[in-house]
Amino acid sequence: MKHKVLVVDLDGTLYSINTFHHFLKFLLIHCIKNFELFLLVKIVTIIKFRIARLISHSKMKYYILSYIKDKQNIDYSEFAHKISKYKNTIPEVSNSNYDTKILATAAPLCYAEIISKENNFHFCSATDFPKADFHNFSENIRETKKINVMHILKRNNCTEIDTFITDHIDDLPLMKISNKNIIINSNKELESQLISNSIEFETLRV
């Protein structure tokens, strides 16, 4: 019998929000509540740099994750619980016909993995804490995201993605290798980009 695989994006797909933006707010509140002023200043400074476009989104994420990776008092489960109200209703996610379900996201692994378990995914591919400098930092997006998902499939003797669900053109590498693509709340611009890349897809409004 064929082994069926479902891959689902997080931000704007499984959840209606940008979870990392909400995570930044959560961290700021954490710093204030726990009087961690030095960490607060560092986070605020990096956010200001990003707003001023002095650094990329990827570099901002790198610095934020670097600042908190050794912190033992941040309750990632609390954060995951707080944002669970933003979950979209997607029939495929609760479909028991899939043998393997993978949550694949650029969001930080520290909370994405909790969300994946709470939503009965078998695996989670996300952005881990930095292990070296920025030049060696690998955000889980675009081609990197596809490669990481394929590694999961290979380790589990799977050969293809049956259904991929996303909301963003950044996931084009995964769309190209999926047998079926479902686009959440697509717009004309996105649909035009998909058509120009010869991507077949269905649209789901949530």
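In this text, all values refer to a predicted model and were calculated from it rather than measured experimentally.
Using a 4.0 Å cut-off between charged nitrogen and carboxylate oxygen, Asp171 and Lys146 do not count as a salt-bridge pair. Contact check on Arg142 versus Asp170 returns a salt bridge, with a Lys/Arg side-chain nitrogen under 4.0 Å from an Asp/Glu carboxylate oxygen.
The cationic group of Lys42 lies under 6.0 Å from the six-membered ring centre of Tyr67 and within 45° of the ring axis, placing it in a cation-pi geometry. Remark: Lys87 is not positioned above the aromatic ring of Tyr15, lacking an NZ or CZ atom under 6.0 angstrom from the ring centre and at most 45 degrees off the axis.
Cluster membership check: Ile29 does not share its hydrophobic cluster with Ile46, using side-chain heavy-atom separations under 4.5 Å among Ile, Leu, Val, Met, Phe, Trp and Tyr. Linking Ile, Leu, Val, Met, Phe, Trp and Tyr residues whenever their side-chain heavy atoms come within less than 4.5 Å places Ile51 and Leu27 in a single cluster.
You'll find the side chain of Phe121 reaches within 4.5 Å of the side chain of Leu14, heavy atoms only. Within the 4.5 Å cutoff, the side chain of Thr127 has heavy atoms near those of the Leu65 side chain. Side-chain contact between Leu39 and Lys71: present, with at least one pair of heavy atoms (C-beta onward) separated by less than 4.5 Å. Put simply, the side chain of Ser186 reaches to within 4.5 Å of the side chain of Arg205, judged on heavy atoms. Within the 4.5 Å cutoff, no side-chain heavy atoms of Glu200 are placed close to those of Lys180.
Test Asp167, Ile182, Asn185 against Leu204 for side-chain contact (heavy atoms from CB on, under 4.5 Å) and you get one pass: Ile182. A ring pair (Phe, Tyr, Trp, His ring centres under 6.0 Å) with His57 is found for exactly one of Tyr63, Phe20, Tyr62, Phe49, namely Phe20.
Crowding of Lys117 atom NZ: a count of heavy atoms from other residues, nucleotides or ligands under 6.0 Å not exceeding 12.
Side-chain contact of Tyr86 with Thr19: a donor-acceptor pair under 3.5 Å is absent, judged by distance alone. Side-chain contact annotation: Asn34 with His30, donor-acceptor N/O pair under 3.5 Å present. No hydrogens or angles considered: nothing links the side chains of Glu113 and Tyr76 as a donor-acceptor pair under 3.5 Å.
Note that CG of Leu6 and OG1 of Thr100 are 10.0 Å apart. Values are rounded to the nearest 0.5 Å. Atom CD1 of Ile43 and atom NZ of Lys48 lie 13.5 Å apart (nearest 0.5 Å). Distance check, rounded to the nearest 0.5 Å: OG of Ser125 to CG of Leu109 gives 8.5 Å.
In this view, Phe23 and Phe79, Tyr111 satisfy the ring-ring contact (aromatic ring centres under 6.0 Å, His included) rule, not counting sequence neighbours. Every residue meeting the salt bridge (charged side-chain N to carboxylate O under 4.0 Å, His left out) condition with Glu139, not counting sequence neighbours, appears here in chain and number order: Lys61.
Hydrophobic cluster membership of Val7, counting Ile, Leu, Val, Met, Phe, Trp and Tyr whose side-chain heavy atoms lie under 4.5 Å apart directly or via other members: Val5, Ile102, Phe123, Val149, Met150, Ile152, Leu153, Ile161, Phe164, Ile169, Leu172, Leu174, Met175, Ile177, Ile183, Leu190, Leu194, Ile195, Ile199, Phe201.
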